[in-house]
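Accompanying notes for the structure given below.
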Amino acid sequence: MSTMNTVFTNARTADGLLHDIGVENGRIKSIDPAGSAATAGTVTDIAGDLLVPGFVEGHIHLDTSFYGGKWVPHRPCTNGFDVHERVAFQAENMAEAEPMGERARNQLELCIANGTLQMRSHVMVDGSVGLRSLETVLAVREQYKDVIDIQLVAFPQSGILKSPGTPELLDEAIRLGADLVGGLDPASFDRDVNGHLDVVFGVADKHGVDIDIHLHDAGSMGAFTIEEICARTTALGLQGRVAVSHAYGLGDLTPDAARKIAATIAKSGVSIMTNAPGNHVFPPVALLRREGVTVFSGSDNIRDSWWPYGDGDMLRRAEIIGYRSGFYTDEELKAAFDIVTTAGAKALRIEGYGIEVGAKADFVTLPAAHLPEAVVAFPKGRRVFKAGRLVAENGKVIR
Ligand SMILES: [Zn+2]
């Protein structure tokens, strides 16, 4: 779907100046000072709002949210946070939930309405659900393909070695249409870092797909696993194509130890996803960025069995990351913004991202004067354009 010859007038770009942005065939064709562009064709007046690239939702679970359905009260773990127990609670909740396709669409529309136009979703693939969740989410992706670009990760929520048949299912999932292979706590969940990573990197190598591994493990166990992931990434020439999600353990390290491992992560081109969840230590975002690590973000769970929070707004996620990281200066607030936009696009290897000539005309308008204000105020009243076409306005997707 594309729009021919549209000019978006009076759009405030990140430099604070007003521009007219010409779009042709879904791409940005020109960026001129406001008032100077030829306005043959359709004109959309941005009226001085800030115009920024569509947000990158780099980590979400479309299959397990209850958003839009009935409220599911949170059940705490019986003896502190435990991934096994949370997975068991999730299975019980899912058995009673509304149809998955409906829940996935509700959540997707929430994200799009807030300005997300690029997404990476993990979808459960394991011995209990097989490929059923993936089939459902693949069908939802197809329904929204003109509105949002979605990468799907085959996610072994029940482990790889602990859940019989999962290595074969991950392989099948890629054949079926998943774009990446995932992993989950190789040490604490499967209790075999090499055995787990053999499968993950084996599938990636075989199919030429990228990798995104959930890693909740704390302290040195988490750090050890990250070092192993970095070593394999470099050995297989997968720099820029591997992500570690959460990497909570990086938040437990001393600054010296964190700097040392950050240099390793940067060198191997592994990116780190954090959503700065409220009850965990989380990676030292500023330190990682200083060392050259790509840090990106996502909502992770929205109204699901893991926690009741989440609003699908990546701008608010930038505020949460900035708030928890102690970001006060304009440069720091811009860094928080970068995490949910440009850095996210780099981690997800999105082609044609940004507000520049030749890029995809995927953008969001916000009533804010500049990026730092956008991060602290995360204002609503947004318009969302995909390939130059209005796809959401006033918090609602236009279908
Ligand atoms: Zn997750």
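Every heavy atom of this structure was used, including side-chain atoms; hydrogens, water molecules and symmetry mates were not.
For the pair R383/I46, a side-chain contact is recorded, criterion being any heavy-atom separation below 4.5 Å from C-beta on. In this structure, the side chains of I261 and L250 come closer than 4.5 Å at one or more pairs of heavy atoms. Between L348 and V56, the closest side-chain pair of non-hydrogen atoms falls below 4.5 Å. Residues T365 and F385 form a side-chain contact, since some pair of their non-hydrogen atoms from C-beta on lies under 4.5 Å apart. Annotation: side chain of S30 is not in contact with side chain of I21 (no heavy-atom distance under 4.5 Å). For the pair M94 and M124, the minimum side-chain heavy-atom distance is 4.5 Å or more. The shortest distance between side-chain heavy atoms of V357 and R27 does not fall below 4.5 Å.
A donor-acceptor contact shorter than 3.5 Å is absent between the side chain of R303 and the backbone of S65. No side-chain donor-acceptor contact under 3.5 Å links T116 to the backbone of I112. Remark: side-chain polar atoms of T234 are paired, donor with acceptor, to backbone N or O of C230 under 3.5 angstrom. Side-chain N or O atoms of T342 include none that pairs as donor or acceptor with a backbone N or O of D338 at under 3.5 Å. Between the E109 side chain and the R105 main chain, no donor and acceptor come within less than 3.5 Å of each other. For the pair S163 (side chain) and T166 (backbone), a donor-acceptor distance under 3.5 Å is absent. Under the 3.5 Å distance criterion, the side-chain polar atoms of D179 are left unmatched by any main-chain donor or acceptor of Q151. Put simply, the side chain of S299 never gets that close to the backbone of I302: no donor and acceptor are under 3.5 Å apart. Of the possible polar contacts, none joining the E142 side chain to the Y144 backbone as a donor-acceptor pair under 3.5 Å is found. Q90 contributes no side-chain N or O that, together with a main-chain N or O of R86, makes up a donor-acceptor pair within less than 3.5 Å.
The hydrophobic cluster containing I226 also contains I211, counting ILVMFWY residues as joined when their side-chain heavy atoms lie under 4.5 angstrom apart, directly or transitively.
D198 has a carboxylate O that lies under 4.0 Å from a charged side-chain N of R232, or vice versa, which qualifies the two as a salt bridge. A salt bridge between E135 and R132 is absent, with no side-chain N of the basic residue lying under 4.0 Å from a carboxylate O of the acidic one. For the pair R290 and E332, the salt-bridge criterion is not met [side-chain N within less than 4.0 Å of a carboxylate O]. With respect to E92 and R75, a salt bridge is recorded, a charged nitrogen being found less than 4.0 Å from a carboxylate O. A salt bridge links R120 to D212: at least one charged side-chain nitrogen sits closer than 4.0 Å to a carboxylate oxygen.
A ring-ring contact (aromatic ring centres under 6.0 Å, His included) check over residues 169-198, counting only residues at least two apart or in different chains, returns the pairs H84-F189. Residue pairs meeting the side-chain hydrogen bond (donor to acceptor under 3.5 Å, both in side chains) criterion with at least one member in residues 216-226, sequence neighbours excluded: D185-H216, S188-D217. Among residues at least two apart or in separate chains, salt bridge (Lys or Arg N to Asp or Glu O under 4.0 Å) pairs with a member in residues 241-251 are D210-R241. Among residue pairs with one or both ends in residues 261-275, none qualify as side-chain hydrogen bond (donor to acceptor under 3.5 Å, both in side chains); sequence neighbours excluded.
With a 6.0 Å radius and a threshold of 12 heavy atoms from other residues, nucleotides or ligands, K162 has its NZ atom above the threshold. For K380, the NZ atom is densely surrounded, since the number of other residues' heavy atoms within 6.0 Å is greater than 12. Heavy-atom neighbours of F89 CZ from other residues, nucleotides or ligands within 6.0 Å: above the threshold of 12. Remark: K70 NZ is packed, more than 12 non-hydrogen atoms of other residues, nucleotides or ligands lying under 6.0 Å away. For CG of D15, the number of neighbouring non-hydrogen atoms (other residues, nucleotides, ligands) closer than 6.0 Å is greater than 12. Within 6.0 Å of CZ in R191 there are 12 or fewer heavy atoms belonging to other residues, nucleotides or ligands.
A search for ring-ring contact (aromatic ring centres under 6.0 Å, His included) contacts involving F296 returns nothing, not counting sequence neighbours. Under the rule for a ring-ring contact (aromatic ring centres under 6.0 Å, His included), F282 has no partner lying at least two apart in sequence or in another chain. K346 pairs by the salt bridge (charged side-chain N to carboxylate O under 4.0 Å, His left out) definition with nothing, not counting sequence neighbours. Under the rule for a ring-ring contact (aromatic ring centres under 6.0 Å, His included), the partners of F155 that lie at least two apart in sequence or sit in another chain are H61, H122, H214. In terms of the salt bridge (charged side-chain N to carboxylate O under 4.0 Å, His left out) criterion, D49 has no residue partners (sequence neighbours excluded). Remark: H280 pairs with F81, Y248 by the ring-ring contact (aromatic ring centres under 6.0 Å, His included) rule, at least two apart or across chains. For S133, there are no side chain to side chain donor-acceptor pair (under 3.5 Å) partners two or more places apart in sequence or in a different chain.
Donor-acceptor pairing under 3.5 Å is lacking for the side chains of T254 and D256. For the residue pair H370/D330, the side-chain donor-acceptor check at 3.5 Å is not satisfied.
In this structure, CG on L62 lies 10.0 Å from CE on M100, to the nearest 0.5 angstrom. In this structure, CG on L51 lies 11.0 Å from CG on L18, to the nearest 0.5 angstrom.
L180 belongs to a hydrophobic cluster with V153, counting contacts under 4.5 Å between side-chain heavy atoms of Ile, Leu, Val, Met, Phe, Trp and Tyr, direct or through other members.
Exactly one residue among L117, D362, I398, V397 makes a side chain to side chain contact (heavy atoms under 4.5 Å, CB included) with V391. That residue is L117.
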Subject >> Worked verdict on E85 versus T78 for side chain to side chain donor-acceptor pair (under 3.5 Å) >> reply: CA-CA 8 Å; E85 194 173 29; T78 46; 2.8 Å; yes
**OP:** Take N10 and H19, measure what side chain to side chain donor-acceptor pair (under 3.5 Å) needs, and give me the verdict at the end.
**Re:** CA-CA 5 Å; N10 302 307; H19 286 95; over 6 Å; no
Subject >> Step-by-step salt bridge (Lys or Arg N to Asp or Glu O under 4.0 Å) determination, K386 to D149 >> reply: CA-CA 10 Å; K386 177 72 177 166; D149 300 323; 2.7 Å; yes
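The minimum heavy-atom distance between L287 and P255, with the atom names listed, is CD1-O, 4.0 Å. Residues G69 and E98 approach most closely at CA-OE2, 3.6 Å, considering heavy atoms.
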